[in-house]
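These numbers were taken from a predicted model, which means no experiment stands behind them. Letters A, B, ... are given to chains in the order of the sequence lines, protein chains preceding strands, and every chain is numbered from 1.
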Protein chains: 2
Amino acid sequence: MTTLAQVASKAGVTAATVSNVLRGRGKVGAETRERVLAAVRELKYRPNLTARALAEGRPATIALIVSSIANPFYPEFALAVERAVRKLGYFLLVCNTNDDPAQEKAYLDAVGGSLAHGVLVMNADFVQIDELVQLRERGVPVVLCMWEKPDQPPPLPSVAVDFYRAGIMAAEHLIALGHRRIGAVVGSERSGNHIWRYRGFVDALAKAGIAHGEGDVIFGHDTIDEGRSAAHTLLAGVPDLTALFVSNDLPALGVLQAAAEMGLAVPADLSVIGITDIQLAHQVRPALTTVAVPTEESAVVAVEMIMRMIDGDEELTPLRETAPPKLVVRASTGLVGRGR
Amino acid sequence: MTTLAQVASKAGVTAATVSNVLRGRGKVGAETRERVLAAVRELKYRPNLTARALAEGRPATIALIVSSIANPFYPEFALAVERAVRKLGYFLLVCNTNDDPAQEKAYLDAVGGSLAHGVLVMNADFVQIDELVQLRERGVPVVLCMWEKPDQPPPLPSVAVDFYRAGIMAAEHLIALGHRRIGAVVGSERSGNHIWRYRGFVDALAKAGIAHGEGDVIFGHDTIDEGRSAAHTLLAGVPDLTALFVSNDLPALGVLQAAAEMGLAVPADLSVIGITDIQLAHQVRPALTTVAVPTEESAVVAVEMIMRMIDGDEELTPLRETAPPKLVVRASTGLVGRGR
DNA sequence: CTGAAAGCGCTAACAT
DNA sequence: ATGTTAGCGCTTTCAG
């Protein structure tokens with residue numbers, strides 16, 4: 001492994017000078033610079049980022065904590081974060097806790113122990129907030145991504161996405177298509193992360209004077225399989241439903257499959273709408289109508305915030321909003337009653 | 001940020017001693033150890049991994065280079081790698097090159113510049129092998145994951161998966177079901193990464209005396225959308241096909257969708273088989289029959305190899321084989337002719 | 001059993 | 001314009 005010192009001696013200068021030419025700092029004679037550059041090339045020198053990090057007091061990485069990389073949304077978000085982070089010269093350390101608190105603690109200790117300069121946390125619901133707050137107190141910049149609880153002020157700097165509004169928009173779309181008997185599949189516990197999406201849906205229904213009772217909703221988990229089974233039991237119990245609101249795209253995909261299995265044509269017999277707009281949503285058939293959420297923007301804003309924190313910006317806005325969600329109409333929703 | 005020295009002075013000892021008790025090295029008096037541990041707790045000390053890495057001459061991370069995190073297989077593999085790596089006390093740095101050579105070079109320089117202790121490379125097809133070889137020559141351990149070209153000895157230590165065999169198995173399954181007119185959708189260029197999967201398929205057909213010509217195959221890319229469009233053109237051109245072999249699960253999912261769009265029942269009218277067994281394969285309806293490949297094992301073996309290289313094991317086997325693929329019969333394949 | 005000291009490779013004042 | 005000198009926080013001989 002080639003070191004700065006080796007390059008320096010080869011170029012007949014000192015390490016400081018090499019460092020200067022490499023980083024464009026300070027004044028270096030044109031001729032010296034050439035000699036140094038030549039030595040660098042010849043020795044195939046690559047700066048040791050660990051040493052640099054130690055000397056500068058800041059690692060070259062930002063960590064992204066996700067609860068499960070298996071959910072396709074996370075890779076998509078991670079990708080966006082990575083782009084933003086790379087643009088600023090950092091590397092992304094993707095930390096998959098797998099919903100395991102021990103794993104999560106290991107990661108937080110490690111990144112807090114300065115493997116990473118800052119920590120982005122996805123899906124704060126599954127994460128032990130206390131640990132994060134402690135991390136923050138130890139001076140590590142932390143930001144929560146995709147905060148979706150408008151009623152609770154986040155315990156840490158966060159970027160918010162208006163999922164409540166997304167719920168409303170989904171409902172309004174269904175209502176506009178003439179649906180009056182609309183069921184809901186929620187991809188989280190009753191008190192879980194998706195609750196505000198459901199509230200938005202419910203409020204929009206109420207506003208339109210449409211009935212929606214306890215029997216019209218099922219709470220579960222954020223997976224395709226759960227979406228499918230939820231749809232099965234829901235539709236078996238309440239067969240007159242003409243549309244289903246699903247709080248996330250992944251379970252919505254499951255709902256689509258359930259419909260197919262039950263012989264229901266989508267959207268003729270049943271309309272289905274999701275939230276998020278993951279890639280699979282348009283890759284599936286029928287393509288899923290959904291309310292797209294500003295993934296890219298969230299990532300960019302989150303990275304921006306963490307950089308601000310790193311730079312010690314004191315008047316940091318603790319909660320940044322992103323652009324409102326957008327309805328994306330595809331093939332899984334249609335006018336009510338066409339199939340009957 | 002608490003440092004070793006601070007803990008030391010608080011415990012009335014020296015940094016060396018603290019280091020010793022924390023790492024279980026050397027001999028430390030029971031009573032001293034207690035005092036140190038108390039100080040550690042009280043000060044909430046976390047070792048600085050950057051400093052440690054520098055002192056030890058080895059970073060705490062292993063890098064995994066993937067060409068595209070968007071393809072759902074990569075996260076799955078990354079997860080397996082991560083588990084294996086964490087078990088050994090390392091952290092995983094997922095590097096998504098996005099098929100961009102510049103991005104890839106940036107990553108390789110960074111990890112080679114000792115951001116990571118070793119580099120695992122997925123899908124070596126999309127990667128500039130020369131760069132990797134150079135990295136290796138500079139002393140960085142590199143291993144290629146999922147090598148699938150039995151005819152070419154890998155330029156670097158690799159773990160091989162027998163995709164040729166997978167192709168054979170897929171074909172044999174279809175043949176056993178009575179199919180004689182079998183088309184193929186290959187998720188890579190004609191000379192690309194999937195070629196041996198296709199060769200296995202072709203060889204098995206030949207062995208069974210089944211005709212398969214140029215018109216029965218389409219080469220493309222490894223995506224759902226490409227799978228779908230390939231199936232459309234293939235089935236339009238050769239309508240008597242009763243089964244489709246697809247070289248990867250992702251395009252196979254697209255084929256399933258194309259079938260639905262064309263009004264073909266699967267498997268009654270058309271049988272479809274993929275390769276890999278990604279999670280989506282069983283989450284989709286009809287569930288995809290596929291030839292499962294040893295993902296987990298590949299990850300474990302790859303990590304094992306890189307550790308060997310890190311330890312400077314000279315008699316490293318340069319090419320390790322994994323267990324043979326396994327046929328997983330689900331709902332997308334069936335006896336020929338049931339639908340006609 | 002514990003302490004002192006050197007050094008990992010780099011950066012950042014401060015000198016010259 | 002270049003060199004000198006300290007560290008960054010930790011590990012690791014080597015003494016005591």
Query raised in the report: To 10°, what angle do the rotation axes through the five end pairs on each side of the helix from dC1(C)-dG16(D) to dT16(C)-dA1(D) form?
Result: 40°
Query - Minimum heavy-atom distance E56(B)-R23(B), with the two atoms named - result: OE2-NH2, 3.1 Å
Query raised in the report: Which atom names give the shortest non-hydrogen contact between V119(A) and V121(A), and what distance separates them?
Result: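 Heavy atoms of V119(A) and V121(A) come nearest at CG1-CG2, 3.8 Å.
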If you round to the nearest 0.5 Å, how far is [atom2] of [Y] from [atom1] of [X]?
| X | Y | atom1 | atom2 | answer |
| --- | --- | --- | --- | --- |
| I62(B) | L88(B) | CD1 | CG | 8.5 Å |
| D311(A) | I306(A) | CG | CD1 | 11.0 Å |
| N96(A) | L79(B) | CG | CG | 5.0 Å |

So [X], base contact, sugar-phosphate only, or nothing? Heavy-atom distance under 4.0 Å.
| X | answer |
| --- | --- |
| S114(A) | nothing |
| G113(B) | nothing |
| G57(B) | nothing |

Requested in this report: Report yes or no: is the cationic atom of R58(A) (NZ for Lys, CZ for Arg) closer than 6.0 Å to the six-membered ring centre of Y90(A), at no more than 45° off its axis?
Outcome: no
Query raised in the report: Can you check whether P47(A) reaches L22(A) side chain to side chain, under 4.5 Å on heavy atoms?
Result: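 Of all side-chain heavy-atom pairs linking L22(A) with P47(A), none is under 4.5 Å.
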**Report entry** Sugar-phosphate or base contact per nucleotide [nucleotides 9-16 of chain C; S, B, -; heavy atom under 4.0 Å]
**Finding:** BBBB----
**Report entry** Nearest-Å distance for atom pair CG/P, residues L115(B) and dC8(C)
**Finding:**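 Atom CG in L115(B) sits about 20 Å away from atom P in dC8(C).
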Query raised in the report: Do any of residues 33-43 of chain A sit with a heavy atom less than 4.0 Å from DNA chain D, and if so which?
Result: none
Query raised in the report: Mind checking what makes side chain to side chain contact (heavy atoms under 4.5 Å, CB included) contact with E148(A), not counting sequence neighbours?
Result: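 Partners of E148(A) under the side chain to side chain contact (heavy atoms under 4.5 Å, CB included) test: F163(A), N193(A), H194(A), R197(A).
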Report task. Name all residues meeting the salt bridge (Lys or Arg N to Asp or Glu O under 4.0 Å) criterion together with E31(B); count only those two or more places apart in sequence or in a different chain, and write none if there are none. Result ->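 Partners of E31(B) under the salt bridge (Lys or Arg N to Asp or Glu O under 4.0 Å) test: R35(B).
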Requested in this report: Would you please name every residue forming a salt bridge (Lys or Arg N to Asp or Glu O under 4.0 Å) with D100(B), sequence neighbours left out?
Outcome: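 Partners of D100(B) by the salt bridge (Lys or Arg N to Asp or Glu O under 4.0 Å) criterion come out as none, since no residue qualifies.
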Query raised in the report: Do E137(A) and K44(B) pass the salt bridge (charged side-chain N to carboxylate O under 4.0 Å, His left out) test, and can you show the C-alpha distance, the side-chain angles, and the key distance before you say yes or no?
Result: CA-CA 11 Å; E137(A) 281 163 358; K44(B) 291 189 206 300; over 6 Å; no
Report task. Kindly say if T14(A) contacts the phosphate of dT2(D), meaning a side-chain N or O under 4.0 Å from OP1 or OP2. Result ->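 Answer is no, no contact under 4.0 Å.
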Report task. For dT2(C), take OP1 and OP2 only and decide whether either is under 4.0 Å from a side-chain N or O of T32(B). Result ->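 Yes, because at least one side-chain N or O of T32(B) sits under 4.0 Å from OP1 or OP2 of dT2(C).
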